[in-house]
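The structure under discussion appears below in the form of structure tokens.
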Amino acid sequence: MPIRNEAIADAFEEIADLLEIEEANPFRVRAYRNAARTIRGLGTELVEMVARDEDLTALPGIGEDLAAKVRDMLESGKMSALEKLHESVPASLESLLRLPGLGPKRVKTLYSRLQIENLSQLARAARDGSLSQLPGFGRKIEQRILETIAARRGSEKRWMRSAAAAAAEPLVDYLTEIPGVKRVIIAGSYRRGKETVGDLDVLVTAAKGEAIAQRLADYPETRNVVARGSTRATVVLRDGLQVDLRVVPEASFGAALHYFTGSKAHNIQVRRRGQQRGLKINEYGVFRNDRRIAGKTEKQVYRSVGLPWIPPELREGGVEIDAAAEGALPDLVEPGDLRGDLHVHSGDSDGRATIEEMVAGARDAGLRYMAITDHSRHLTVAHGLDAARVRKQCARIDRLNEGLRGFRVLKGIEVDILEDGTLDLPNGVLAELDVVVGAVHSHLGLSRRKQTDRILRAMDHPAFTMLAHPTGRLLGKREPCDLDMERVVRHAAECGCFLELNSQPARLDLLDIHCRLARDAGVLVSINSDAHSVKDFRNLSLGIAQARRGWLTKRQVLNSRPLRELRKLLRRR
DNA sequence: GCCGTTTTCGGCCCGACTGTTTTCAGTCG
């Protein structure tokens with residue numbers, strides 16, 4: 001079983017945590033974290049890069065030392081540097097760092113003074129009062145630790161973007177109403193279009209901050225106030241979502257938005273560029289010798305360090321700064337660019353609306369065409385269609401199209417890819433369709449080799465148009481299945497088929513790193529809603545955000561093409 | 001531990017809030 005990137009990144013993160021507790025050089029700690037981030041963002045497995053004898057030190061943040069540690073782990077299955085650390089620092093201390101208020105210093109104190117290594121020992125010490133006697137601890141921290149353990153928080157929960165949006169919209173409305181408030185904007189990972197967010201970062205511009213922090217504390221949905229000052233406040237909403245508020249004057253809007261949007265790694269890189277130019281960049285502006293020279297807009301901030309404005313979705317502290325400096329930023333796909341939707345269900349299988357109703361919904365969403373792709377017979381729970389029912393549906397679609405102006409319904413199917421890689425309907429009927437969306441709905445646990453071979457075989461079918469929700473992951477519920485995405489992408493390029501980016505809130509599958517693989521291989525991506533009801537077309541905006549994080553331009557998105565052009569691409573198979 | 005329009009050593013982003021202090025360390029974003 002080869003070691004995956006995820007495991008190597010985890011090992012580096014763990015080393016960073018333990019080194020922090022050991023009070024190592026903070027920049028050394030950061031080096032491990034940077035490397036972990038680089039590795040998580042790779043579309044390519046390190047094990048394959050090493051097999052191809054590629055130079056790992058070419059990766060940002062990875063030098064000779066860390067490259068050697070990667071090779072060590074790939075060869076031996078474990079990282080000896082981490083094993084060695086465990087001799088002096090127990091691995092379980094990591095779990096203590098996750099508690100609010102406990103950082104490396106206090107965790108070290110816990111371990112060295114009271115030999116506390118885990119949550120239950122910590123709870124015991126908090127209950128008997130010995131915790132508050134330690135230097136740097138007091139009654140308040142002791143109390144908070146007890147509360148946190150009782151509520152079983154501390155395990156970092158992340159929220160689906162759609163759930164965060166449901167909480168964010170009324171909050172923005174509420175804050176906007178406050179007298180003196182000029183602007184309210186959600187920044188942070190939400191603005192960067194991440195598929196999940198850990199909290200809501202709310203930026204407000206106004207002259208005075210205290211009143212606004214107070215109003216946030218008074219917000220009916222606020223459960224408790226964690227911190228409150230004159231320019232920032234943190235509260236937890238009833239549903240458990242944390243909100244970080246930041247208030248700055250209007251003149252600092254751009255600098256604050258930049259700072260509060262992050263990512264942290266991106267900000268560090270931008271501030272470093274500032275430093276090299278003799279500038280200091282903070283959330284209030286860009287300063288030369290204490291004189292503010294920029295800050296009203298983000299564009300000004302970037303210009304001050306010689307860069308064009310960088311879209312938030314790219315700000316992960318990876319290669320976007322270099323790309324910007326070279327004038328090589330992509331012109332990212334935008335919501336208005338989608339012309340159609342190639343994965344839509346109707347009541348003929350498990351949808352909740354008629355084809356006619358879905359047409360109306362798609363038109364309302366600004367689309368000009370869509371493919372009806374109901375499930376195939378194997379998916380009996382979804383009333384999957386057999387060949388006869390597919391043909392009947394096609395005849396109805398033909399009649400429907402005769403009455404439509406300025407909109408076209410394409411005939412399609414979401415056909416199950418069976419365990420052996422064959423498709424769940426006879427070749428004859430598949431050949432009659434405009435769009436064949438292949439999907440894996442069973443045997444998700446196959447080995448990497450078998451799963452990949454299965455999908456490659458399905459792609460070889462001459463009628464196969466695109467692979468639906470490629471990894472099958474469901475956020476918070478199901479991990480991605482074990483799949484060699486590099487082979488899948490290469491094969492898609494060879495066969496001339498496409499990959500779906502499924503826009504359902506819990507799917508958002510292709511992942512962003514796989515979008516980049518597709519882009520590099522010249523494989524077009526179709527951003528589909530997989531709508532089961534009329535309102536589901538709204539989810540396309542989530543897919544767009546994901547595609548933007550994957551650096552996709554309009555030209556790289558299949559369903560941004562006008563119908564005529566799309567038909568040509570579909571026929572090419 | 002990484003990295004280079006201050007290059008192979010000496011730097012490495014910056015500020016707010018809390019709680020424990022009595023001038024500030026620790027944590028957080």
Side-chain angles (χ1 to χ4, degrees), chain A residues 12 15-16 19-21 23-38 56-70 81 96-110 131-145 156 187-189 197-203 209-210 213 225-235 242-248 252 255-256 258-287 301 305-306 317 321-322 325:
Chain A
F12 279 163
I15 290 179
L19 282 177
E20 242 185 333
I21 294 169
E23 296 177 83
N25 177 348
F27 299 105
R28 187 171 162 226
V29 173
R30 188 198 285 168
Y32 280 99
R33 297 204 195 284
N34 286 342
R37 203 189 55 250
T38 293
L56 300 184
T57 65
L59 298 169
I62 299 194
E64 291 297 340
D65 185 279
L66 294 185
K69 288 189 167 75
V70 167
L96 302 183
L97 284 174
R98 309 275 169 263
L99 294 177
L102 287 192
K105 296 283 167 60
R106 292 198 179 112
V107 167
K108 184 181 185 184
T109 305
L110 288 172
L131 208 62
S132 56
Q133 303 306 311
L134 292 173
F137 287 78
R139 284 279 166 211
K140 290 238 177 163
I141 288 180
E142 190 176 71
Q143 197 54 39
R144 195 161 158 205
I145 284 172
E156 61 271 37
S189 52
V197 300
D199 59 14
L200 281 184
D201 297 308
V202 186
L203 175 66
E210 286 93 344
V225 179
V226 179
R228 189 169 72 202
S230 61
T231 67
R232 65 186 312 168
T234 299
V235 305
Q242 180 169 308
V243 175
D244 291 323
L245 171 78
R246 192 74 209 247
V247 185
V248 297
S252 298
H258 179 256
Y259 152 74
F260 220 23
T261 297
S263 66
K264 187 173 170 170
H266 175 88
N267 287 353
I268 288 174
Q269 291 187 24
V270 170
R271 287 175 174 187
R272 251 173 97 167
R273 274 182 80 93
Q275 220 177 25
Q276 287 161 359
R277 288 166 171 71
L279 303 171
K280 185 175 73 171
I281 301 176
N282 59 29
E283 54 266 55
Y284 298 108
V286 180
F287 298 86
V301 174
V305 293
I321 305 260
D322 287 341

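As a basis for the values below, the full set of heavy atoms in this structure was taken, side chains included, without hydrogen atoms, waters or symmetry mates. Chain naming here is simple, since letters A, B, ... match the order of the sequence lines and numbering starts at 1 in each.
Counting non-hydrogen atoms under 4.0 angstrom, Arg30(A) reaches a base of the nucleic acid. Among the heavy atoms of the strands lying under 4.0 Å from Gln242(A) are primed sugar atoms or P, OP1, OP2 only; no base atom is included. Among the heavy atoms of the strands, none lies under 4.0 Å from Thr234(A). The residue Lys264(A) sits close to a base: some heavy atom pair falls under 4.0 Å. Among the protein residues, Tyr32(A) comes within range of the sugar-phosphate backbone only, with heavy atoms under 4.0 Å from sugar or phosphate atoms but none that close to a base. Among the heavy atoms of the strands lying under 4.0 Å from Lys69(A) are primed sugar atoms or P, OP1, OP2 only; no base atom is included. Within 4.0 Å (heavy atoms only), Arg28(A) reaches at least one base atom of the nucleic acid. Using a 4.0 Å heavy-atom cutoff across all strands shown, Asp65(A) reaches sugar-phosphate atoms only and no base atom. Residue-level contact check: Pro26(A) touches neither bases nor backbone, having no heavy atom under 4.0 Å from any strand.
In this structure dT8(B) sits in no base pair that meets the Watson-Crick or G-U test at under 3.5 Å.
With both ends at atom C1', the span from dC9(B) to dC14(B) equals 25 Å, rounded to whole Å. Taking atom P in both dT6(B) and dG1(B), the straight-line distance is 27 Å, to the nearest Å. Rounded to whole Å, the separation between the P atoms of dT18(B) and dC12(B) comes to 29 Å. dC17(B) and dC13(B): their P atoms are spaced 22 Å apart (whole Å). Here, dT27(B) and dT21(B) have their P atoms 14 Å apart, quoted to the whole Å. Here, dT20(B) and dG15(B) have their P atoms 26 Å apart, quoted to the whole Å.
At distances below 3.5 Å, at least one donor-acceptor pair connects side-chain atoms of Arg277(A) with backbone N or O atoms of Arg273(A). With hydrogens and angles disregarded, a donor-acceptor distance shorter than 3.5 Å links the side chain of Glu142(A) to the backbone of Ser132(A). For Arg106(A) (side chain) and Phe137(A) (main-chain N/O), no donor-acceptor pair under 3.5 Å exists by modelled atom type. Judged by distance alone, the side chain of Thr38(A) and the main-chain N or O of Pro60(A) form a donor-acceptor pair under 3.5 Å. Looking only at distances, no side-chain donor or acceptor of Asp201(A) sits under 3.5 Å from a matching main-chain atom of Ala187(A).
Place Leu102(A) and Ile62(A) on DNA chain B by their nearest nucleotides, and Ile62(A) ends up nearer the 5' end. A residue-by-residue look at Asp201(A) and Phe27(A) shows that Phe27(A) has its nearest nucleotide of DNA chain B further toward the 5' end.
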Verdict with reasoning, Arg232(A) to Glu283(A), per salt bridge (Lys or Arg N to Asp or Glu O under 4.0 Å) | CA-CA 12 Å; Arg232(A) 65 186 312 168; Glu283(A) 54 266 55; 5.5 Å; no
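With a glycosidic angle further than 90° from 0, dT22(B) counts as anti.
Chain A approaches DNA chain B within less than 4.0 angstrom (heavy atoms of the protein), and the contacting nucleotides run 5' to 3' from dG1(B) to dG29(B).
Put simply, the side chain of His258(A) reaches to within 4.5 Å of the side chain of His266(A), judged on heavy atoms.
Environment of CD in Glu23(A): crowded, with over 12 heavy atoms of neighbouring residues, nucleotides or ligands closer than 6.0 Å.
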